[in-house]
Amino acid sequence: MTAPATSIAIVGTGYVGLTTGACLAKLGHQVTCADIDADKIDLLNRGEIPIVEEGLAEVVADARAAGRLEFVLGAATAAAGADIVFLCVPTPQGDDGSADLSYIQAAATEIGPSLRPGSIIVNKSTVPVGSTRVVERAVRRDDVHVVSNPEFLREGTAVRDFLHPDRVVIGAADRDAAERVAALYAGLDATILITDPASAETIKYAANGFLAMKISFVNAVAAMCEAVGADVAAVVQGIGSDTRIGSAFLNPGPGWGGSCFPKDSRALVRIAQDHGYNFSMMRGVIEVNDQQRSRMVDKVIRALDGHERSVLSGSRVGVLGLTFKAGTDDLRDSPSISVIRDLIHFGADVTAYDPTVIDPLHPARAAALDGIALCADPYAAATDSDVVVILTEWPEFKELDLDKLATVMAGKAIVDTRNVLDPTAVRSAGLAYDGVGRR
Ligand code: NAD
């Protein structure tokens, strides 16, 4: 079934907004994507894609060629011509852990006067319970509806996730508005769950909280494996083959990060607290994740034959991987950056390589990368290093020439926080190996 074409505005053309806009255009809708970043809009209008996201460039190019996708500066311009307006702006973590709704409020205030009567505003940003009311108040219109439609796409597989969703969640007080939003997805083979706004908003946080919990759980199990001499790969295989548990999201590593889990897990704790519930389990999930990042620093210290952080002073660490996971260029709250910041804080010199982080640097990344010497390939990052640390699971790291690595390094140790290398092969190249939860 194909969807009847609808005129759509997307406010905020980032990871979520650009994917949503391009994919809705692919489904046959007429889409205008807006942003406040003039450089981003210029880039998109020149046919370039500002982010690394598999398959997105093709979807954008096809939709533009078909005349169904355009990019404009400013939300009001886009909203004026639309039947449905998606808010895809940031909801970063506020100082008290709650979601900062200032971008949502600013965007809603801006589009209010230009909205068509009867149009629908869709909250696709991740927003706490009660945010449909926040938007309603900001737009100051009683002839439009506000609907919650949280997004579950993952960076790196965003296009595929959008076009083949496990489910589409729509929360609305008005059934007709919910069905108009549901109709946008008629071209997809997707389960559509229509509920009330509070439930839709809670689903998004609960989903991210649960996924973060799975990763924290397996990282805690990995720590236990190290203590008792068990092998985490065998343990994960053993528990993951239980259909009640499942094997997805059970990869041990340096801890979860990225633009969503850290802020959403803290927002979940805060939302619960604001409504009188102490979500202690979620607090534990966050605590385990913080510990996991520190445990990775401790592994580097041990690889340098030390027990104290002082051993880092004057050491040289070659880092492979900067993004919070493979398949994206996103550095936001990356565990890699967090570990590196600690290493630098305690006096280490860090040289690093990541396939998506190359010169010239975008100014937005400058703060995260401050003090890190970027290299053009893994061997350059490893040259003269006392220890090499793998912090992102880029597939190319599985193919490293370990003999070459051992030759260029000054020291002889690898810390593999993603368990991408074969420990036996590493040791055969004359290097000491430490993974996560591996014997
Ligand atoms: P992003 O930072 O990549 O993009 C947001 C864009 O909004 C930016 O380009 C910014 O310039 C623009 N913007 C801000 N204010 C604006 C305004 N008033 N008018 C027009 N544009 C404006 O953020 P993102 O990663 O796409 O996340 C957006 C929302 O989606 C967040 O709430 C996030 O939690 C949620 N989300 C993100 C992901 C993900 O994987 N990135 C997945 C699901 C949900």
Side-chain angles (χ1 to χ4, degrees), residues 5-51 53 56-57 59-92 100-127 131-132 134-136 138-141 144-151 153 155 158-159 162 180-181 184 259 362 364:
T6 302
S7 170
I8 294 171
I10 304 283
V11 178
T13 308
Y15 287 88
V16 167
L18 183 56
T19 307
T20 301
C23 290
L24 286 171
K26 181 182 172 71
L27 294 179
H29 302 295
Q30 194 64 41
V31 180
T32 304
C33 288
D35 208 282
I36 42 171
D37 181 339
D39 291 341
K40 191 177 274 191
I41 294 299
D42 283 349
L43 205 71
L44 287 160
N45 278 326
R46 288 200 305 270
E48 294 175 47
I49 303 293
I51 53 174
E53 195 55 65
L56 185 57
V59 180
V60 169
D62 289 352
R64 290 184 79 214
R68 287 200 297 268
L69 180 63
E70 58 175 353
F71 301 101
V72 299
L73 190 61
T77 319
D83 297 319
I84 300 190
V85 182
F86 282 81
L87 299 184
C88 304
V89 295
T91 46
D100 171 1
L101 292 181
S102 58
Y103 291 92
I104 288 278
Q105 283 171 312
T109 306
E110 189 183 341
I111 61 175
S114 49
L115 288 168
R116 286 180 179 171
S119 57
I120 297 173
I121 303 169
V122 180
N123 268 349
K124 200 167 246 319
S125 297
T126 303
V127 285
S131 296
T132 51
V134 171
V135 172
E136 277 164 7
V139 289
R140 294 167 171 267
R141 294 277 296 264
V144 301
H145 293 287
V146 183
V147 170
S148 167
N149 174 214
E151 182 51 58
L153 63 75
E155 288 175 21
V159 171
F162 190 95
R180 280 171 63 200
V181 175
L184 299 178
S259 68
H362 190 282

Is the shortest heavy-atom distance from the side chain of [X] to the side chain of [Y] under 4.5 Å?
X	Y	answer
F86	V31	no
V127	V134	no
R140	P113	no
R64	N45	yes

Applying the side chain to side chain contact (heavy atoms under 4.5 Å, CB included) criterion to [X], which one of [options] satisfies it?
X	options	value
T6	L24, V181, D83, L27	D83
L18	V59, D35, V60, I10	V60
P50	T13, L44, D37, D42	L44

Rounded to the nearest 0.5 Å, what separates atom [atom1] in [X] from atom [atom2] in [Y]?
X	Y	atom1	atom2	value
H145	E136	NE2	CD	9.5 Å
S7	R116	OG	CZ	5.0 Å
I8	T20	CD1	OG1	9.5 Å
I84	I121	CD1	CD1	11.5 Å
N149	L87	CG	CG	11.0 Å

Please name the pair of heavy atoms, one in [X] and one in [Y], separated by the smallest distance, quoted to 0.1 Å.
X	Y	value
S114	A76	OG-O, 3.4 Å
C33	G21	SG-CA, 4.0 Å
L115	A79	CD2-CB, 4.2 Å
T132	V147	CG2-C, 4.4 Å
A78	V72	CB-CG2, 3.9 Å
V11	A107	CG1-CB, 4.0 Å

Just by modelled atom types, is the T19 backbone N or O under 3.5 Å from a matching donor or acceptor in the E53 side chain?
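Here the side-chain-to-backbone pair does not exist.
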Under 3.5 Å: donor-acceptor pair, side chain of S125, backbone of V89:
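It does hold such a pair.
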C23 vs V159, side chain to side chain contact (heavy atoms under 4.5 Å, CB included): CA-CA, chis, key distance, verdict
CA-CA 7 Å; C23 290; V159 171; 4.2 Å; yes
Apply side chain to side chain contact (heavy atoms under 4.5 Å, CB included) to residues R68 and H29 and explain how you reach the verdict.
CA-CA 7 Å; R68 287 200 297 268; H29 302 295; over 6 Å; no
Start with the C-alpha distance between I104 and S131, add both sets of side-chain angles, then the distance that settles side chain to side chain contact (heavy atoms under 4.5 Å, CB included), and finish with yes or no.
CA-CA 9 Å; I104 288 278; S131 296; 5.9 Å; no
More than 12 heavy atoms of other groups within 6.0 Å of K40 NZ:
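For K40, atom NZ is crowded (more than 12 foreign heavy atoms under 6.0 Å).
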Audit row: E155, S259, side chain to side chain contact (heavy atoms under 4.5 Å, CB included) steps and yes/no
CA-CA 10 Å; E155 288 175 21; S259 68; 3.5 Å; yes
